[in-house]
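The structure presented is a predicted model; accordingly, all values stated were derived computationally and were not measured.
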Amino acid sequence: MALYRYVRVEFWKNPKVLEEMTPEDKLFMLYLLTNPSTTQIGIYRLSKKQMAFELGYSVESISCMIDRFVNVYGAIKYNEDTREIGIKNWGKYNFSRLGKPMIDCIKKELLEVEDKSMIEFVLQKINSLTVRDLYEQYLNTSENICFDDTLTSRTTIRGQKEKQKQKQKEKENNNIENDLAGGSIYGYGDKSIKNGKYSREYKDKNGKSFKKPSEEELEFARGL
C-alpha cells in the first residue's frame, strides 16, 4: 500500500469537475484517487461496504455514485462480481517517474487483476509507451503464462549449461591427473597398465618400470 498519492492541481480546473460534478461527486473522485486500497496501476479491489464505511455514506448512496461515475461521467469502471475498480485517467497523471522497482510493481499488480477488461479500460489514457507495452502484454491471460514460462525456461536452461560446463571442467582435470599418474604425458607408459591406485611403480607394455611423477612435475603438467 502506498503512503501517499499525487493529485494534480489541474483536477480543480477540469470542466467536468467544475460544471458537472456535485460536491459529493468531487469528494468521491478524490477518494477514488487517494484511498488506502489504490494501487500503482489504477485498478484495485474495493467493496461498496468498505467505501461506505470510509466515506460515511450509506451503501445505497455509494451505489448511486458509482452508477453516475460509470454511466454519466465515464470516469471509472466497476465490476460487481470481482469488486474491482478501474480509474480511466489514472495513467494520464501517473507514471511520470519509472524505474525497476516501479516496473516490477506494475507487473505484479497486473497479474493480480481478475477482470482483464479493466486493463484495457485504463490503458486508453496511459501516455508512457513503456507502461502501455506492459499493460498490453497482460491483456491476454495465455500471453502472461507464455511470458512467465519463457523467463523460467531461460533461467533453467542457463543453470543446466553452467552445471554441464562445471562437470566438463572437472572431468578434464581428472583426465590430466590420471594421465600424469599413468605416465602417458611424460612417456612413463600407458596409464591403463598401472599396478594400483597407491602404487609408485608403473610398467609399460614391455614390462619396464617407471616411478610416479613428482609433485613438481605434476604442477608443471597442470600448467600446460
Side-chain angles (χ1 to χ4, degrees), residues 1-12 14 16-98 101-128 131-132 134-145 147-148:
M1 182 180 70
L3 297 178
Y4 56 87
R5 294 292 180 194
Y6 290 107
V7 178
R8 294 180 178 270
V9 295
E10 287 86 353
F11 171 82
W12 299 105
N14 189 305
K16 184 174 290 186
V17 175
L18 286 173
E19 300 172 6
E20 300 179 26
M21 288 189 177
T22 66
E24 286 184 342
D25 291 340
K26 295 174 183 178
L27 171 63
F28 190 59
M29 188 70 243
L30 288 174
Y31 170 76
L32 293 177
L33 294 172
T34 61
N35 74 78
S37 298
T38 56
T39 62
Q40 196 60 51
I41 61 173
I43 303 168
Y44 55 91
R45 186 175 286 102
L46 187 60
S47 68
K48 292 181 180 180
K49 287 184 178 180
Q50 183 66 24
M51 285 186 263
F53 175 78
E54 291 178 343
L55 285 172
Y57 287 107
S58 65
V59 175
E60 291 74 16
S61 296
I62 294 295
S63 296
C64 290
M65 284 190 283
I66 288 177
D67 181 72
R68 189 157 60 249
F69 271 74
V70 171
N71 299 310
V72 178
Y73 302 137
I76 68 170
K77 186 179 179 69
Y78 188 74
N79 187 311
E80 296 283 351
D81 297 324
T82 64
R83 309 294 195 274
E84 289 175 308
I85 297 177
I87 311 297
K88 187 174 184 178
N89 287 329
W90 183 268
K92 186 177 180 180
Y93 302 112
N94 289 278
F95 309 124
S96 58
R97 296 181 180 179
L98 289 176
M102 174 78 74
I103 292 175
D104 290 342
C105 178
I106 292 172
K107 289 180 178 180
K108 178 179 179 296
E109 291 177 350
L110 284 172
L111 281 174
E112 296 173 353
V113 177
E114 291 185 40
D115 184 353
K116 301 302 177 183
S117 67
M118 293 283 180
I119 298 177
E120 187 173 8
F121 179 74
V122 178
L123 174 62
Q124 300 175 44
K125 296 295 183 177
I126 296 178
N127 296 324
S128 170
V131 179
R132 288 186 66 88
L134 290 175
Y135 275 62
E136 289 170 354
Q137 288 180 24
Y138 287 86
L139 276 176
N140 190 294
T141 303
S142 61
E143 289 180 1
N144 294 340
I145 295 174
F147 179 76
D148 293 338

side-chain contact (heavy atoms from CB on, under 4.5 Å) with Y57: which residues, sequence neighbours excluded?
-> E24, L27, L55, S61, I62, M65
How about F53: does its CZ atom have over 12 heavy atoms from other parts shown lying under 6.0 Å from it?
-> no
Taking only residues two or more places apart in sequence, or in another chain, which ones meet Y44 in a side-chain hydrogen bond (donor to acceptor under 3.5 Å, both in side chains)?
-> N35
Please, which pairs that meet salt bridge (charged side-chain N to carboxylate O under 4.0 Å, His left out) have at least one residue in residues 84-96, sequence neighbours excluded?
-> R45-E84
Step through the shown structure and confirm whether more than 12 heavy atoms of other residues, nucleotides or ligands are within 6.0 Å of CD on Q124.
-> yes
Measure across Y78 and V70 and return the closest heavy-atom pair with its distance rounded to 0.1 Å.
-> N-CG2, 4.2 Å
What pairs meet the salt bridge (charged side-chain N to carboxylate O under 4.0 Å, His left out) rule with one or both residues in residues 51-71, with sequence neighbours excluded?
-> D25-R68
Check side-chain contact (heavy atoms from CB on, under 4.5 Å) between C105 and all other residues, then give those that pass, not counting sequence neighbours.
-> Q40, E109
Residues in side-chain hydrogen bond (donor to acceptor under 3.5 Å, both in side chains) contact with S128, at least two apart in sequence or another chain = none
Got a sec, which residues hit side-chain contact (heavy atoms from CB on, under 4.5 Å) with E20, two or more places apart in sequence or on another chain?
-> K16, Y73
Value for CH2 (W90) from OG1 (T39), rounded to nearest 0.5 Å, stands at 6.5 Å
What is the distance from atom CG of N71 to atom CD1 of I76, rounded to the nearest 0.5 Å?
-> 9.5 Å
Got N79 and E114 here, is their nearest side-chain heavy-atom distance under 4.5 Å?
-> no
Would you sort out whether Y135 and I41 count as a side chain to side chain contact (heavy atoms under 4.5 Å, CB included), showing the intermediate values?
-> CA-CA 9 Å; Y135 275 62; I41 61 173; 3.1 Å; yes
Under 3.5 Å: donor-acceptor pair, side chain of T38, backbone of T34 | no
Hey, could you give me the CG/CG distance between L32 and N89, rounded to the nearest 0.5 Å?
-> 12.0 Å
Hits for salt bridge (Lys or Arg N to Asp or Glu O under 4.0 Å) against K26, two or more places apart or cross-chain, chain-then-number order -> none
For the pair M29 and F69, evaluate side chain to side chain contact (heavy atoms under 4.5 Å, CB included) and give the outcome as yes or no after the intermediate values.
-> CA-CA 9 Å; M29 188 70 243; F69 271 74; 3.4 Å; yes
Salt bridge (charged side-chain N to carboxylate O under 4.0 Å, His left out) between E112 and K108: does it pass, once the steps are laid out?
-> CA-CA 7 Å; E112 296 173 353; K108 178 179 179 296; 2.9 Å; yes
Apply side chain to side chain contact (heavy atoms under 4.5 Å, CB included) to L33 and Y6, showing your working.
-> CA-CA 8 Å; L33 294 172; Y6 290 107; over 6 Å; no
With a 4.5 Å limit on heavy-atom distance, are the side chains of M51 and L46 in contact?
-> yes
Hits for side-chain hydrogen bond (donor to acceptor under 3.5 Å, both in side chains) against E10, two or more places apart or cross-chain, chain-then-number order -> none
For side chain to side chain contact (heavy atoms under 4.5 Å, CB included), just list the numbers for L30 and F11, CA-CA rounded to whole Å, side-chain angles, deciding distance to a tenth of an Å, and then say yes or no.
-> CA-CA 9 Å; L30 288 174; F11 171 82; 3.8 Å; yes
Listed by chain and number, what are the salt bridge (Lys or Arg N to Asp or Glu O under 4.0 Å) partners of D81, not counting sequence neighbours?
-> none
Could I get the full list of side-chain contact (heavy atoms from CB on, under 4.5 Å) partners for R132, not counting sequence neighbours?
-> L123, I126, L129, E136
How far does CG of L110 sit from NZ of K116, to the nearest 0.5 angstrom?
-> 8.0 Å
Of all residues at least two apart in sequence or in a different chain, which pass the salt bridge (Lys or Arg N to Asp or Glu O under 4.0 Å) check with K77?
-> none
Distance (rounded to the nearest 0.5 Å) between N94 CG and N127 CG = 10.5 Å
